[in-house]
J.: 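For reference, the structure I am asking about is given below.
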Amino acid sequence: MIDAVQKGFFNLLSQSAVLKRLASRYGMASPDSFARRFIAGETVEEAIDAARRLQANGFDLTLDYLGESVRTHQEADAAAREYAHLVDVLMQSGIERNISLKLTQLGASVDRATCVDNLRRILETAEKHAFFVRIDMESSAYTDLTLDIFETLWNRGHQNLGVVIQAALKRSEADVRRVTALGGRIRLVKGAYKEPPDVAYARKADVDAAFVRLMHILLDSGQYPAIATHDPKMIDATLAYAEAKGLPPTHYEFQMLYGVRRDLQRALSSDGYRVRLYVPFGREWFPYFMRRLGERPANVAFVVRAILGDRGPA
Ligand SMILES: Cc1cc2nc3c(=O)[nH]c(=O)nc-3n(C[C@H](O)[C@H](O)[C@H](O)COP(=O)(O)OP(=O)(O)OC[C@H]3O[C@@H](n4cnc5c(N)ncnc54)[C@H](O)[C@@H]3O)c2cc1C
């Protein structure tokens, strides 16, 4: 319950133009500015540098060029062009060929056809260079549309494509079965958005129980699921289930966010598990950053300390 209120509060703050202006001015201004804990940089060059460092330490990666909720065809087309360009740049940089994107960045809230066309253009460029493309999942207002677009493009042969399912949504078991029946790859998350109680579980215990149920279905599916969480209980449950089923660590991967629980990232990786880090970058980092604050109140203290000049480890 407190969790839902907290998410709602930060969701509201993320819509504040004043806060966005202030954060944008100070959050990434210098190498130790507060937002850099969670955002790899504002430019693709900074993201590539961060990615190289992480890769050298044994992590797999997915890069996210931040942006969401574009309102016009022009903005959506521009984002699709940026993504296609990103694929080219990443290809030349030699880092791992894996990107994540949001459909509202490609025009999902403008119209479906624009969004499908933009995603198709990115997938065609990505396929030429053997890139994997993951569609992030946004609020429940977009779940049907996202799965529908995923399925449309998958059925047209674009199968270098995966999607995300949120354990918090009550509908998710049916969605997991729909995507795995197609042969699609799923990243399982708890869900970062404030949702109405008729569509989502409000209590953390219910979200966690759903996460474990869905994780079982996914590991049984054999479709190389990504278990994306920083929750040691969810990770232990995954390891225990994989062991009970005799699944080697090559049958699934863990995913975590850049800058979150770096201790756990290192521990899992050095124990021989595959860990993929989600590396966000770009100028439009504010909504993503606010969702990270909403997940953990201690992050607010981290930001305040950073602003006040005490930049001790967090
Ligand atoms: C790779 C990846 C991709 C994701 N993609 C999506 C997506 O497409 N759609 C979507 O809705 N959500 C996405 N999420 C976010 C996800 O839904 C959760 O909001 C987020 O991962 C927090 O949940 P948790 O599983 O870590 O568990 P929680 O129970 O929230 O947290 C468990 C523990 O992890 C640590 N922790 C969690 N979050 C933070 C944080 N922000 N800062 C510091 N510590 C933290 C804390 O120690 C906490 O006690 C993604 C998450 C990951 C890891």
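One-based numbering, in listed order, for ligands and for the atoms of each.
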J.: Answer with side chain, backbone, both or neither: which part of Q166 has a heavy atom less than 4.0 angstrom from an atom of ligand 1?
T.: side chain

J.: In ligand 1, which numbered atoms sit nearer than 4.0 Å to a non-hydrogen atom of L257?
T.: 1 (C), 2 (C), 3 (C), 51 (C), 52 (C), 53 (C)

J.: To which of R187, E195, Q255 does the heavy atom nearest atom 3 (C) of ligand 1 belong?
T.: R187

J.: Report yes if some N/O of M137 lies less than 3.5 Å from some N/O of ligand 1; otherwise report no.
T.: yes

J.: So is K204 in contact with ligand 1, going by heavy-atom distances below 4.0 Å?
T.: yes

J.: For atom 35 (C) of ligand 1, which candidate among R262, R261, M256 provides the closest heavy atom?
T.: R261

J.: Can you find a side-chain donor-acceptor pair between D64 and Y288 that sits under 3.5 Å?
T.: no

J.: For the backbone of H129 and the side chain of R97, can you confirm whether one donor and one acceptor N or O come within less than 3.5 Å of each other?
T.: yes

J.: Quick one: which ligand 1 atoms are inside 4.0 Å of a heavy atom on D136?
T.: 8 (O)

J.: Is the shortest N/O to N/O distance between Y193 and ligand 1 below 3.5 Å?
T.: no

J.: Are S172 and R213 linked by a side-chain donor-acceptor pair shorter than 3.5 Å?
T.: no

J.: Without hydrogens or angle criteria, can the side chains of T62 and R187 be said to hold a donor-acceptor pair below 3.5 Å?
T.: no

J.: Who gets closest to atom 37 (C) of ligand 1 by heavy atom: M234, K102, E253, H230?
T.: H230

J.: Does a side-chain N-to-carboxylate-O contact under 4.0 Å join D231 and K190?
T.: yes

J.: Backbone or side chain, does any N or O of Y278 fall under 3.5 Å from an N or O of ligand 1?
T.: no

J.: Run the numbers for me: atoms of ligand 1, each under 4.0 Å from some heavy atom of G191, listed by number.
T.: 11 (O), 16 (C), 17 (O), 19 (O)

J.: How close do R36 and G41 get, counting heavy atoms only, and between which atoms?
T.: NH1-CA, 4.0 Å

J.: Show me the pairs that pass salt bridge (Lys or Arg N to Asp or Glu O under 4.0 Å) and involve residues 160-173, at least two apart or across chains.
T.: D144-R171, R171-D175, E173-R177

J.: Indicate whether any N or O donor in one side chain lies under 3.5 Å from an N or O acceptor in the other, for E138 and Y193.
T.: no

J.: Select one of side chain, backbone, both or neither to describe which atoms of N299 lie under 4.0 Å from any atom of ligand 1, heavy atoms only.
T.: side chain

J.: Which is closest to atom 15 (C) of ligand 1 by heavy-atom distance: R292, K190, K233, R296?
T.: R292

J.: At under 4.0 Å between heavy atoms, is it the side chain or the backbone of V260 that contacts ligand 1, or both, or neither?
T.: side chain

J.: Using heavy atoms and a threshold below 4.0 Å, how should the contact between V164 and ligand 1 be classified: side chain, backbone, both, or neither?
T.: side chain

J.: Looking at F132, I'd like to know if the NZ or CZ of R185 sits under 6.0 Å from its six-membered ring centre while staying within 45 degrees of the ring's axis.
T.: yes

J.: Could you tell me whether R120 and E124 make a salt bridge, using a distance below 4.0 angstrom between a side-chain N and a carboxylate O?
T.: yes

